[in-house]
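Some notes on the structure that comes next.
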2 protein chains.
Amino acid sequence: MEGSGRDSGNALLFLTDEQLRKGIEAMFFAYRGFTADPDRILAGMAYGRAHHRAVHFIHRSPGTTVNNLLAILGVTKQSLNRVLRALVEDGLVRNEVGRRDKRERHLYLTEAGEDLERRLSDAQRDRMRTAYRAAGPEAVTGFRQVLEAMMDGEMRKRYDALKELKG
Amino acid sequence: MEGSGRDSGNALLFLTDEQLRKGIEAMFFAYRGFTADPDRILAGMAYGRAHHRAVHFIHRSPGTTVNNLLAILGVTKQSLNRVLRALVEDGLVRNEVGRRDKRERHLYLTEAGEDLERRLSDAQRDRMRTAYRAAGPEAVTGFRQVLEAMMDGEMRKRYDALKELKG
DNA sequence: ATAATACGTCAGCTTTGTTGACATTCCAAG
DNA sequence: CTTGGAATGTCAACAAAGCTGACGTATTAT
């Protein structure tokens, strides 16, 4: 039970097409796992992944505006509005007219919203934690490095902006 | 090379909720980048991500059956059939009745199919390569370790099965 | 002979994205 | 104060890609 391929021969072996393909497939299958648990929770209710994302980022940046959320999620306002309307109607999200700029709507989770967020992120964090623990701290560092290098320019900015908030 | 583990205080810092949240968000934004380039290519044609996935796995395992593909992609046959029909009609995928079991249809890419596959995977590989190069070989190892630990059981099996093919 | 498997297909539904058009509210510049 | 543009909300129509359920047809297995 041995080395399972230490790439020690060629220093650039990790850049071969084969290695890249493996990375691509790993990304595909892993993303499945990444979303599987929240998806299961949401399946029963009338919600989907889009609702999860909205709830996540509102929880993360309470008081964020619709436009902000739009840019982070990278969808159209019509698409987001549908999701947001459902969440507001169901009492998970609260809508507050801006004090300084009354055109803006600031978004907050209600208690029920925070409850759902917690259920979803607990499930997702559990999987992430298990994966992190199995891989170890150095692997985690590498994981994050590769992911950050893989982001699109615009998304990378958003990610960095988020990092500054609580990071 | 073992040195990682036992910094008494912070040894488990990578398992805090904050660290896990960062990982979750990195995964979200990175997946955006991961699919962005193929999406752009496919946008013009009448194809989408589903066609890309089908083409990818047929290229990767030529002669695979419909059932096989179904299990790898984790979708219903109706959903896959819609995609496959379009690809066959457009002459990108070839359909061959099984020699041993005539119920099975073995799937192959035509030359046009291989062309598209190459265009798509070149784009995706380029981004992956850039990310790999920026992060370095050790980061890549960690990246893969975390991803593999994040997969669902069933998907993990499929991923491992694929690995053995060209491993 | 019968049951199970592999595949295709029809019909209908859901989620989540898209455009385009249009109204409202409001800030800010002239 | 008027007006242009920004931020938001909403309507309608549509598309991609998933789903369930039902049914048909070869083919293979029992």
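Source: prediction; values computed, not measured. Chain naming here is simple, since letters A, B, ... match the order of the sequence lines and numbering starts at 1 in each. Every heavy atom of this structure was used, including side-chain atoms; hydrogens, water molecules and symmetry mates were not.
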**OP:** Mark up nucleotides 15-24 of chain C, 5' to 3', with B wherever a protein heavy atom is under 4.0 angstrom from a base atom, S wherever such an atom reaches only the sugar-phosphate, and - elsewhere.
**Re:** SBBBBBB---
Original post:
Can you tell if the side chain of Glu154(B) reaches within under 4.5 Å of the side chain of Arg158(B), non-hydrogen atoms only?
Top reply: yes
Original post:
Under 4.5 Å between any side-chain heavy atoms of Gln145(A) and Phe143(B), yes or no?
Top reply: no
Original post:
Going by an N to O cut-off under 4.0 Å, is there a salt bridge joining Glu25(B) and Arg21(B)?
Top reply: yes
Original post:
Crowded around Arg40(B) CZ? As in, over 12 foreign heavy atoms under 6.0 Å?
Top reply: yes
**OP:** Give a yes or no on whether Glu138(B) atom CD has more than 12 heavy-atom contacts from other residues, nucleotides or ligands under 6.0 Å away.
**Re:** no
Original post:
Do the side-chain N or O atoms of Arg85(B) get closer than 4.0 angstrom to the phosphate oxygens (OP1, OP2) of dT9(C)?
Top reply: yes
**OP:** Establish, with yes or no, whether the OP1 or OP2 oxygen of dC7(C) is under 4.0 angstrom from a side-chain nitrogen or oxygen of Asn67(B).
**Re:** yes
Original post:
Does Arg103(B) make a side-chain donor-acceptor contact with the base of dT5(C), cut-off 3.5 Å?
Top reply: yes
Original post:
Hey, where on DNA chain D does chain A first and last touch, going 5' to 3'? Cut-off is any atom under 4.0 Å from a heavy atom.
Top reply: dG5(D) to dC11(D)
**OP:** With heavy atoms under 4.0 Å as the rule, sort Asn95(B) into base, sugar-phosphate or nothing.
**Re:** sugar-phosphate
**OP:** If the plane angle is over 60° it's perpendicular, under 30° parallel, otherwise tilted; pick one for Tyr31(B) and Phe34(B).
**Re:** tilted
**OP:** Anything under 30° is parallel, anything over 60° is perpendicular, the rest tilted; go ahead and classify Phe28(B) against Phe57(A).
**Re:** tilted
Subject >> Position toward the 5' end of DNA chain C (nearest nucleotide), Arg105(A) or Asn68(B) >> reply: Asn68(B)
Subject >> Tyr108(B) with Val97(B), same ILVMFWY side-chain cluster at under 4.5 Å >> reply: no
